[in-house]
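Proteins come first, then strands; the chains are lettered A, B, ... in the order of their sequence lines, and each starts at number 1. Below, each value reflects all heavy atoms present in this structure, side chains not excepted, and no hydrogens, waters or symmetry copies.
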Amino acid sequence: MRAIFILFQKDLIHERNSGELILVSVTLCLLLGTLTAFGLREAVLAPEAIDRTFGTLVWLLFLFSGMLVSVRLLDSDLRDSAYQALLLSGASPTQLFLSKALFGGILLLALHALQFAILYIFLQPTFSPQILLFFLISVCVVCCFVSLSLLLSAIAEHSRLKAVLFPILLLPVLFPVFFGALSTTQDLFLNQQFDLTSFWVEALPALALVYLGLGVSLFEYVILE
Amino acid sequence: MKPRIQLAQVSHRYHERRVIRDITLDIFPGERILLAGSNGSGKSTLLKIAAGLITPWKGTCRFGRAPKAQRPFSGFGYLGHELLLYRGLTVHQNLGLFSKLKRSPLDLEQVLQQWDLSDKKHRILNELSRGERARVALARSFLGSPRVLLLDEPTAHLDTDGVALLRSHLAQISEDTVVVLSTHEHDLFRSFSNRVIILHKGELQFREREDQLATKRMFDVCATRRNLQTGGQEINQ
């Protein structure tokens with residue numbers, strides 16, 4: 001735990017110094033959210049149509065901005081092979097992975113909340129958002145997303161086609177998670193239902209655990225030559 | 001005495017090019033090894049394998065009495081061609097990070113002073129010159145009194161003061177520490193080393209312990225080979 005905290009703190013300090021990841025992601029998030037919201041307002045959609053598409057829009061925006069942010073999560077560690085010094089100093093690949101997942105997860109959740117707020121303010125859907133339950137769904141999705149993207153961005157790092165390879169590898173594996181997120185969010189927003197026994201409500205936390213476990217066990221083999 | 005690092009029939013290749021061939025080597029506590037060889041002879045790869053940063057294609061590399069190879073070997077001091085530092089952190093933050101991970105008892109201010117970095121401690125690494133960054137990387141590799149110190153061309157990018165600092169730090173390290181130093185500047189470290197290893201095209205060509213005469217002869221062979229190679233010829237012994 002101590003090493004994870006030290007590594008997490010390192011990421012925060014690195015961001016405070018450089019601001020490269022937060023600056024890019026917040027700008028991107030604001031741009032995407034505002035443009036989508038304005039575009040839909042201009043299309044003068046009926047309130048009913050806005051309600052129906054709101055959940056999909058939130059997750060689509062998350063997917064776009066999340067991919068652009070998560071592909072860069074390991075950049076500072078891979079540049080000059082700095083992560084090797086961490087490993088030689090006693091940190092394990094698992095600790096490195098968990099600290100990165102924690103940092104990336106918090107960043108993605110914050111961006112997701114920001115995008116949700118922008119869309120909610122501009123589009124003004126008629127349903128009540130049930131923030132707490134939506135937050136729980138988001139935590140599961142972000143956990144899956146960060147675990148997979150850390151693993152796959154490290155794999156894609158060695159390719160000259162990193163920018164293309166990363167989404168090609170990520171999207172097919174992420175498909176069930178994305179589908180589950182859409183299904184549960186639509187149920188929550190439109191039908192105001194959150195059935196604990198429904199398939200996706202049970203599957204999302206299970207997928208989060210599976211992907212996190214995969215990340216923890218495979219990360220070592222991905223970053224070491 | 002048990003060896004601290006054991007390389008057994010280690011071979012390594014990058015794609016189709018074989019860079020290390022069947023190297024078997026035991027490195028004992030207290031050995032100060034000068035690793036010599038021309039460019040592309042496999043020195044850097046051998047050091048990376050010894051640090052556990054690369055899994056050899058064939059053979060094994062073990063550290064101490066560990067039942068199986070655990071990689072990379074924590075507690076090693078390693079300096080490679082890459083900095084292994086965070087460019088977005090300051091000098092103080094970089095050294096503080098590795099010092100905390102290594103649980104180094106040394107005061108960070110003292111370390112900065114020892115490496116003449118006190119006036120640069122709040123500067124982001126990206127703002128430093130290549131030579132200054134090299135000095136920070138050296139300070140990083142000496143942190144926490146490592147039991148094994150692997151230095152790959154440590155004098156590259158260093159100015160005269162930097163080289164003097166490096167030599168004084170090497171002179172102060174514990175007698176038990178293993179030091180493997182890969183360099184082309186043999187004269188600078190000849191008195192420091194008690195064993196010499198020469199690599200040629202990935203093969204161990206020469207190893208000698210505390211035999212200054214043989215070492216001297218070996219350096220002469222090295223110099224002759226280098227001269228002949230630059231003249232377009234190559235010796236195959």
(request) Flag the pair B:L97 / A:I6 as yes when at least one side-chain heavy-atom distance between them is below 4.5 Å, and no otherwise. (result) yes
(request) Determine yes or no for a side-chain-to-main-chain donor-acceptor pair under 3.5 angstrom, with A:N17 supplying the side chain and B:G88 the backbone. (result) yes
(message) So, taking the atom named OH in A:Y83 and the one named CG in B:L53, what distance separates them when rounded to the nearest 0.5 Å?
(response) 7.5 Å
(request) Mark yes when over 12 heavy atoms from residues, nucleotides or ligands other than B:E175 sit less than 6.0 Å from its CD; otherwise mark no. (result) no
(request) Mind checking the OG-CZ spacing from A:S89 to B:R103? Nearest 0.5 Å is all I need. (result) 12.5 Å
(message) For B:K100 versus A:R2, what's the shortest heavy-atom pair and its separation?
(response) O-NH2, 2.9 Å
(message) Let me confirm one number: the CZ-CD distance from B:F76 to A:Q84, rounded to the nearest 0.5 Å.
(response) 14.0 Å
(request) Indicate the atoms forming the closest heavy-atom contact of A:A82 with B:L85, along with that distance. (result) CB-O, 3.5 Å
(request) Kindly determine whether B:L89 and A:I13 satisfy side chain to side chain contact (heavy atoms under 4.5 Å, CB included), including the steps that lead there. (result) CA-CA 7 Å; B:L89 297 181; A:I13 295 171; 3.8 Å; yes
(request) Would you indicate whether A:F8, at its atom CZ, is surrounded by more than 12 heavy atoms from other residues, nucleotides or ligands within a distance under 6.0 Å? (result) yes
(request) Rounded to the nearest 0.5 Å, what's the gap from NE2 on B:H81 to CG on A:D80? Could you check? (result) 13.5 Å
(request) Would you check if B:Q93 and A:R16 make a side-chain contact, meaning some heavy-atom pair closer than 4.5 Å? (result) yes
(request) Under 4.5 Å heavy-atom distance to chain B, tell me which part of A:E15 shows up: side chain, backbone, both or neither. (result) neither
(request) Ignoring hydrogens and angles, state whether a donor on the side chain of A:D77 or B:Y86 is under 3.5 Å from an acceptor on the partner side chain. (result) yes
(message) Looking at B:E127, I'd like to know if its CD atom is crowded, meaning that more than 12 non-hydrogen atoms belonging to other residues, nucleotides or ligands lie closer than 6.0 Å.
(response) yes
(request) First locate atom CG of A:L88, then atom CG of B:L150, and finally report the distance between them rounded to the nearest 0.5 Å. (result) 8.5 Å
